[in-house]
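As structure tokens, the structure follows; a few thoughts come after it.
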Amino acid sequence: MEVISENACFGGTQGVYKHTSDATGTDMTFGLFQPNEAQDGPVPVLWYLSGLTCTHENAMTKAGAQAWAAEQGIALIFPDTSPRGEGVADDEAYDLGQGAGFYVNATQDPWAPHFQMWDYVTEDLPDLVFNHFALDAERQGITGHSMGGHGALTIAMSLPERFRSVSAFSPICNPTGSDWGKKQLSAYLGDDTSKWEAHDASLLMKTTGFDGPMLIDTGTKDQFVDLLKPETLAEAIATRRQEATFRMQPGYDHSYFFVSTFMEDHVSFHAEALWS
């Protein structure tokens, strides 16, 4: 593992690291914020999965999460959104290929050789960080924005023993029924729609749910709201009677101004579950 940078940040350390991933077969870069408490032993962890076009850097520099994580004594992990580099498939569209891994394991060419983002986020990167840093694997939460909100919700509901809490900002809630989903899932997983269902938060809510607290925020003026389909997840939550707080925030859009506004709420929400 290569240290790209380490900076003092709110009494802790904001690091950026590069490593060779077995899952993707490429070099991958991630950000990790460790609060001051990590000097004395393992601390709880909050994963932040980013959205379309993002790298590890967007949320790390724009979301303002470190201040609140330092206050709560928890670490933050910012993975990249896809494999990158020479020989990695890409597409001219912003919503497919590099920067748009959708947190699935691709089975179709040309994506299958490297686009194994589910395994990267759930197996490869956790193995690395829990072996190299003072992080508590028994106290994990997960959140994300847009495509990353989709990833956070589907991963949490698929790995219920791992995460104590899950939240999302403007998540893609129903990718099997949206152009932000149909295009990518067919490209990565093929035309058999039954293979898409494990990556649809609204469908997983109906069949599986999450054994723990959940927080969802979406802006009423989100310019992509018709692609996000928040109403499908709200309906599934109500039908299942899932423990959840689902909020439509008046006047907010899809930007990091929205994310940073409610980041304190989300970090505090996770901290309560992680320290309990």
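Salt-bridge formation is detected for the pair Asp80/Arg84: a Lys NZ or Arg NE/NH1/NH2 atom is positioned less than 4.0 Å from an Asp or Glu carboxylate oxygen. Salt-bridge check for Lys18 with Asp27: failed, with every basic side-chain N at 4.0 Å or more from each acidic carboxylate O.
The closest side-chain heavy-atom distance from Pro213 to Phe269 is below 4.5 Å. Met147 is not listed as a side-chain neighbour of Pro175, based on a closest heavy-atom distance of 4.5 Å or more. Here the side chains of Leu32 and Gln34 are in contact, with some heavy-atom distance below 4.5 Å. The shortest side-chain heavy-atom distance between Tyr103 and Leu49 falls under the 4.5 Å cut-off. For the pair Glu197 and Thr193, the minimum side-chain heavy-atom distance is 4.5 Å or more. Side-chain contact between Thr154 and Phe102 is absent, with no heavy atoms from C-beta onward closer than 4.5 Å. Inter-residue side-chain proximity for Leu46 and Ile77 is flagged as unmet; no heavy-atom pair is nearer than 4.5 Å. Counting heavy atoms from C-beta on, the side chains of Trp47 and Pro126 come closer than 4.5 Å.
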- Message: Walk me through whether Asp222 and Leu228 qualify under side-chain contact (heavy atoms from CB on, under 4.5 Å).
- Response: CA-CA 9 Å; Asp222 192 306; Leu228 303 176; 3.4 Å; yes

- Message: Apply side-chain contact (heavy atoms from CB on, under 4.5 Å) to residues His270 and Ser167 and explain how you reach the verdict.
- Response: CA-CA 8 Å; His270 286 284; Ser167 73; 2.8 Å; yes

- Message: Using side-chain contact (heavy atoms from CB on, under 4.5 Å), reason through Thr26 and Val88 one step at a time and then give a plain yes or no.
- Response: CA-CA 8 Å; Thr26 65; Val88 177; 3.8 Å; yes

- Item | Phe78 and Val16: CA distance, side-chain angles, deciding distance, side-chain contact (heavy atoms from CB on, under 4.5 Å) verdict | CA-CA 9 Å; Phe78 304 97; Val16 178; over 6 Å; no

- Item | Full working for side-chain hydrogen bond (donor to acceptor under 3.5 Å, both in side chains) between Asp124 and Ser21 | CA-CA 7 Å; Asp124 199 13; Ser21 167; 2.4 Å; yes

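Within a 6.0 Å radius of CD in Glu272, no more than 12 heavy atoms belonging to other residues, nucleotides or ligands are found. Under a cut-off of 6.0 angstrom, the local environment of OH in Tyr94 is crowded, with over 12 non-hydrogen atoms contributed by other residues, nucleotides or ligands. Within a 6.0 Å radius of CG in Asp179, other residues, nucleotides and ligands contribute 12 heavy atoms or fewer. The 12-atom threshold is exceeded at NZ of Lys183, counting heavy atoms of other residues, nucleotides or ligands nearer than 6.0 Å. No more than 12 heavy atoms of other residues, nucleotides or ligands sit less than 6.0 Å from atom CD of Glu138.
Residues Thr232 and Ser202 come closest through the heavy atom pair OG1-OG, 2.8 Å. In this structure, Phe163 and Gly141 approach most closely via the heavy-atom pair CD2-C, 3.9 Å. Of all heavy-atom pairs between Gly101 and Phe115, the closest is CA-CD2, 4.1 Å. Ile216 and Met214 make their closest contact through CD1-CG, 3.9 Å (heavy atoms, listed as atom of the first residue, atom of the second, distance). Closest heavy-atom contact between Ala106 and Leu189: CA-CD2, 4.4 Å. Pairing each heavy atom of Pro35 with each of Gly73, the nearest pair is CG-C, 3.7 Å.
The OG1 atom of Thr122 sits 9.0 Å away from atom CG of Asp127, with the distance rounded to the nearest 0.5 Å. Atom NZ in Lys182 sits 11.0 Å away from atom CG in Leu227 (nearest 0.5 Å). Between atom CD1 of residue Ile4 and atom CD of residue Glu2 there is a gap of 4.0 Å, rounded to the nearest 0.5 Å.
The aromatic rings of Phe30 and Phe133 sit perpendicular, their planes meeting at an angle over 60°, well past the 30° parallel limit. The aromatic rings of Trp118 and His199 lie perpendicular to each other, with more than 60° between the two planes, well past the 30° mark.
No donor-acceptor pair under 3.5 Å is formed between the side chain of Ser178 and the backbone N or O of Asn174. Between the side chain of Arg240 and the main chain of Phe210, no donor-acceptor pair closer than 3.5 Å is present. A donor-acceptor contact shorter than 3.5 Å is absent between the side chain of Gln72 and the backbone of Ala69. Checking side-chain atoms of Arg164 against main-chain N and O of Arg139 turns up no donor-acceptor pair under 3.5 Å. Under the 3.5 Å distance criterion, the side-chain polar atoms of Trp196 are matched with a main-chain donor or acceptor of Gly190. Using a distance-only test at 3.5 Å, with no hydrogens or angles considered, a donor-acceptor pair links the side chain of Tyr188 to the main chain of Gly97. A donor-acceptor distance shorter than 3.5 angstrom exists from the side chain of Thr81 to the backbone of Cys54, with no hydrogens or angles considered. Under a 3.5 Å cut-off, the side chain of Asp119 and the backbone N or O of Ala23 do not form any donor-acceptor pair. Judged by distance alone, the side chain of Gln249 and the main-chain N or O of Thr220 form no donor-acceptor pair under 3.5 Å. Using a distance-only test at 3.5 Å, with no hydrogens or angles considered, a donor-acceptor pair links the side chain of Ser255 to the main chain of Phe257.
Under 3.5 Å, the side chains of Thr176 and Asp200 contain a donor-acceptor pair of N or O atoms. A side-chain N or O of Gln14 and one of Gln66 form a donor-acceptor pair less than 3.5 Å apart. If you check the side chains of Ser146 and His254, you find a donor sitting under 3.5 Å from an acceptor. No side-chain donor from either of His56 and Thr29 sits under 3.5 Å from a side-chain acceptor of the other. Judged purely by distance below 3.5 Å, without hydrogens or angles, the side chains of Asp191 and Ser186 never pair a donor atom with an acceptor atom.
Ring to ring, Tyr48 and His145 are not that close: their centroids are 6.0 angstrom or more apart. Aromatic ring centres of Phe169 and Phe262: separated by at least 6.0 Å. Aromatic rings from Tyr120 and His19 are positioned such that their centres are separated by under 6.0 Å.
In the hydrophobic clustering of ILVMFWY residues, with side-chain heavy atoms under 4.5 Å counting as a link, Ile74 and Met60 come out together.
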